[in-house]
Amino acid sequence: MKKATRKVSILTLAVGLLAASIAVSPAPVHADIVWDHWQKAESLRAEGNQAEAVPHWQFLANHYASIGEWENAALFCGKLDAYYDAIGNYDQAIYYYELENQYWVKAGRDWGAVKLQRADQIRTTIELYRTERDPSELKRQALPQSGRLAKFEPAYGTYLGMYSEQDPKVGNLFTKTESVYGKNHAIYLAYAHWGQGFPATYAKRAKEAGGALQIAWEPDDGLDPVADGTYLRKWAQDAKAAGIPIFLRFAGEMNGAWVKWHGNPAQYIAKFRMLHDVFASEAPNVAMVWSPGDVPANDIDPYYPGDDYVDWVGVSLYIEPYENGDPSLPTMISTSNVERLTRLYNTYSDRKPLMLSETGVPHYSHAADEDFTEWAKLNLQRLYEIMPYKYPRLKAITYFNVDQKMTNAKNDYSLSDSSEIQAYYSKLIANPYLLSKVADGAQPSDKLGYVPVNANHQAFTKQAEFIPFVKIPDVYIGKVDYVLNGRVIASQTDLPYGLTLKAGEVPEGSVMQIKVYNKAGAQVALRTYGISSQVSVELDGKELTFEQAPVIRNGSTLTPLRAIFEAMGATVEYEAATRSVTAKKGGTTVKLTLDQKTVYVNGQARQLDEAAQLVNGYTLAPARFVGETFGGTVGWDGSSRTVTISKK
């Protein structure tokens, strides 16, 4: 739906928690140690001395958990997390928020959801992502468990999408998107209603813009009228005739009580499956998108139609400064869009590609008459630079480009209302990783992708862009310092955060620190990463990929012998008994033995600077020898640590 007001709110959950706390107040049946702790804690709290009440609350929480009285255990955790949150001890607050949620779950309640949200709000996060040049690695991390891509799914990368009908600079003339935002989008969003005809005009305009169409098809009178028949078959045939990929989002946000098709999961599943079967037979250019809202989270899974009936899993996911646009409610500016996807992603990404069917970040609150440009920029970077890297199976993002004025959430999500936001959005989406054309197995034009910097992805070749995901309880960030091997190499006070390093700047075994400061100038977060660069090899301008990367030994660069020789057209044989390698091309024969510096070229002895070695089962030899043996010219680019070989 068009940014419906979320009826299940933090306020509602808080009221439920309050009611629970009243309901389970104990009666002092007898004087025992438990009752003594309870009475002492209440006395201290009444005196305003919560710090001394803490050990009593801890005792009570642990006691009730030990005997399985989960509601009481949760309530005492609630006192602890509220206390630690109030004094700014966020690590302890997060611990008790998460523990409280566990106890509510054990008690059969969903009241802990609000506590998990608060834990995410105050969680300090520093994650680091970098560009990766190996397409096989990028494809691997973006594949489902089955290894098979879904209909219209890119191999890696994320489709750009937009709802632009209310954008005064674009409207539903989708061909204007490139001139306004600097780039065509892959998917354009249109709304349709059961009983009305297929939105052929929108499909035609999407086709003119070289794009696909996402259709949010809404049964406004509920699910009862949804049936197979002449209307549906004609609609499906018209969809096929459109001649473009169509992502059909039927009855989205079904988990929310604000839509008429909520409340009967079995009926919803039956209708969705029926539609899937009709479109499978009538319109193979239609991909079925099952798309709940991200809240209420506990009511999502019962509506899932099953893997055989769903092509993509979508979600409506918004953040806003004030819940439901109401400034009288607690502020929501600490909420990040990144964590809002985690549960759905963890549940479904092994099976289906995910899309943000609708999403938005407002830069202005009409209800509060308050500008949130800096907050919007922070979260737009998270939306377009962090979420696609953190969640590699997030394969499409459709932005809800609307100024809602004083309706619904009363926020301005429009990208073109603000020249600063428009320019910033254009800068973010210029990245080729954000795809502008729907095609099976699509991938970025530059073949680059992103991986988390961790133990498995420390080393890079040539150069890499490093993008940090930074989140602090203060929300607004004053400065980010990048410290490489003890030296500050860059400081950033402006968004978007990130820097590019060349391989020559990053010796093997380097250490990168990300230091984060708040607006007051205090350092509030620090994280350390191991990073390294690797030598790369280019043959006639094309980078070669190896299962075993080149290494440095005693100042000499050793490169994989077989891979390079074969790329130059030579045949290679290895004799295990003598640990020798023989390579032939034309009239040249080369023979070498592992761990010996003497090699023979057509029977003539030559000396290597460093002996050939076996590294992880691969034979490596000095780069210059490998490149020149069969007539190549070898060069070295120190800034990118690249061996260049040109065949004569």
Side-chain angles (χ1 to χ4, degrees), residues 1-4 150-152 159 161-166 172 174 187-207 211-256 258-265 267-293 303-305 309-316 352 355-359 396 398 400 402 438:
M1 297 192 66
K2 298 185 180 181
K3 192 57 182 71
K151 186 181 291 188
F152 307 138
Y159 291 136
M162 180 181 289
Y163 174 66
S164 64
E165 188 169 19
Q166 297 183 49
N172 57 16
F174 304 141
I187 301 172
Y188 299 94
L189 170 60
Y191 290 87
H193 303 276
W194 182 269
Q196 298 178 356
F198 175 80
T201 299
Y202 293 92
K204 176 176 179 292
R205 289 175 174 171
K207 188 173 185 178
L213 192 66
Q214 182 200 149
I215 301 175
W217 199 13
E218 300 178 344
D220 297 326
D221 296 323
L223 293 170
D224 288 344
V226 177
D228 193 0
T230 302
Y231 164 71
L232 175 57
R233 296 285 170 168
K234 176 64 165 56
W235 205 100
Q237 291 159 10
D238 289 345
K240 180 181 179 180
I244 59 172
I246 292 174
F247 297 88
L248 183 58
R249 174 165 52 115
F250 173 72
E253 302 181 17
M254 77 299 297
N255 56 313
W258 53 86
V259 298
K260 290 186 178 179
W261 46 92
H262 168 78
N264 189 335
Q267 184 187 32
Y268 177 88
I269 289 171
K271 301 295 185 178
F272 194 100
R273 290 180 174 183
M274 179 271 294
L275 289 173
H276 166 274
D277 292 345
V278 169
F279 284 99
S281 64
E282 298 281 3
N285 61 316
V286 170
M288 295 297 294
V289 181
W290 174 73
S291 186
Y303 287 89
Y304 185 60
Y309 300 92
V310 173
D311 295 307
W312 288 63
V313 169
V315 62
S316 296
K352 301 295 174 181
M355 67 163 61
L356 301 185
S357 310
E358 290 183 20
T359 190
T398 299
F400 189 69
V402 171
V438 171

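Note that the structure is a prediction, hence the values are computed from the model and not measured.
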To the nearest 0.5 Å, how far apart are CH2 in W312 and OG in S291? 12.0 Å

What one should report as the nearest heavy-atom pair of D228 and L232 is CA-CD2, 3.9 Å

Within a strict 4.5 Å, meaning less than it, do heavy atoms of the H276 and P305 side chains meet? no

Any side-chain heavy atom of I215 within less than 4.5 Å of one from R249? no

Are the side chains of V438 and I187 in touch, meaning some heavy atoms are under 4.5 Å apart? yes

After noting the C-alpha distance and the side-chain angles of V226 and M274, does the key distance pass the side chain to side chain contact (heavy atoms under 4.5 Å, CB included) rule? CA-CA 9 Å; V226 177; M274 179 271 294; 4.0 Å; yes

So, do W194 and D220 sit near enough that their side-chain heavy atoms are less than 4.5 Å apart? no

Provide the closest heavy-atom pair for G252 versus V259 in the form atom of the first, atom of the second, distance. O-CG1, 4.3 Å

Minimum-distance pair of heavy atoms, taken over all atoms of W235 and A192: CZ2-CB, 4.4 Å

Say whether, by atom type as modelled, one donor and one acceptor occur between the side chain of N285 and the main chain of A239 under 3.5 angstrom. yes

Mind checking ring pair (Phe, Tyr, Trp, His ring centres under 6.0 Å) for Y304 and listing every partner two or more places apart, or none if nothing turns up? W290, Y348

Does the S281 side chain pair with the main chain of V278, one donor and one acceptor, at a distance under 3.5 Å? yes

Please step through salt bridge (Lys or Arg N to Asp or Glu O under 4.0 Å) for the pair E282 and K240, ending with a clear verdict. CA-CA 7 Å; E282 298 281 3; K240 180 181 179 180; over 6 Å; no

Is there a donor in the side chain of Y268 and an acceptor in the side chain of H262, or the other way round, less than 3.5 Å apart? no

For Q214 and V289: C-alpha separation, side-chain torsions, deciding distance, then whether side chain to side chain contact (heavy atoms under 4.5 Å, CB included) applies. CA-CA 9 Å; Q214 182 200 149; V289 181; 5.9 Å; no

Is the closest side-chain heavy-atom distance between I244 and K207 below 4.5 Å? yes

Student check: side-chain heavy atoms of Y309 and D277 closer than 4.5 Å: yes

Do E253 and E358 touch side chain to side chain, with heavy atoms closer than 4.5 Å? yes

Please name the pair of heavy atoms, one in K151 and one in V286, separated by the smallest distance, quoted to 0.1 Å. NZ-O, 2.9 Å

Which atom names give the shortest non-hydrogen contact between H193 and Y231, and what distance separates them? O-OH, 3.7 Å

Using distance alone, with no hydrogens and no angle criterion, decide if E165 and Y191 have a side-chain donor and acceptor under 3.5 Å apart. no

Y163 side-chain N/O to V402 backbone N/O, donor-acceptor pair under 3.5 Å: no

Walk me through whether L248 and F279 qualify under side chain to side chain contact (heavy atoms under 4.5 Å, CB included). CA-CA 10 Å; L248 183 58; F279 284 99; 3.4 Å; yes

Working for side chain to side chain contact (heavy atoms under 4.5 Å, CB included), residues W261 and M254: CA-CA 6 Å; W261 46 92; M254 77 299 297; 3.7 Å; yes

D224 meets the side-chain contact (heavy atoms from CB on, under 4.5 Å) criterion, sequence neighbours left out, with Q267

With rounding to the nearest 0.5 angstrom, report the CZ to CG distance, R205 to N172. 4.5 Å

With a 4.5 Å limit on heavy-atom distance, are the side chains of D311 and F247 in contact? no

Give the minimum heavy-atom separation between F174 and A206, together with the two atoms involved. CD1-N, 3.4 Å

Answer yes or no: is there a donor N or O on one side and an acceptor on the other, between the side chain of W217 and the main chain of F198, under 3.5 Å? no

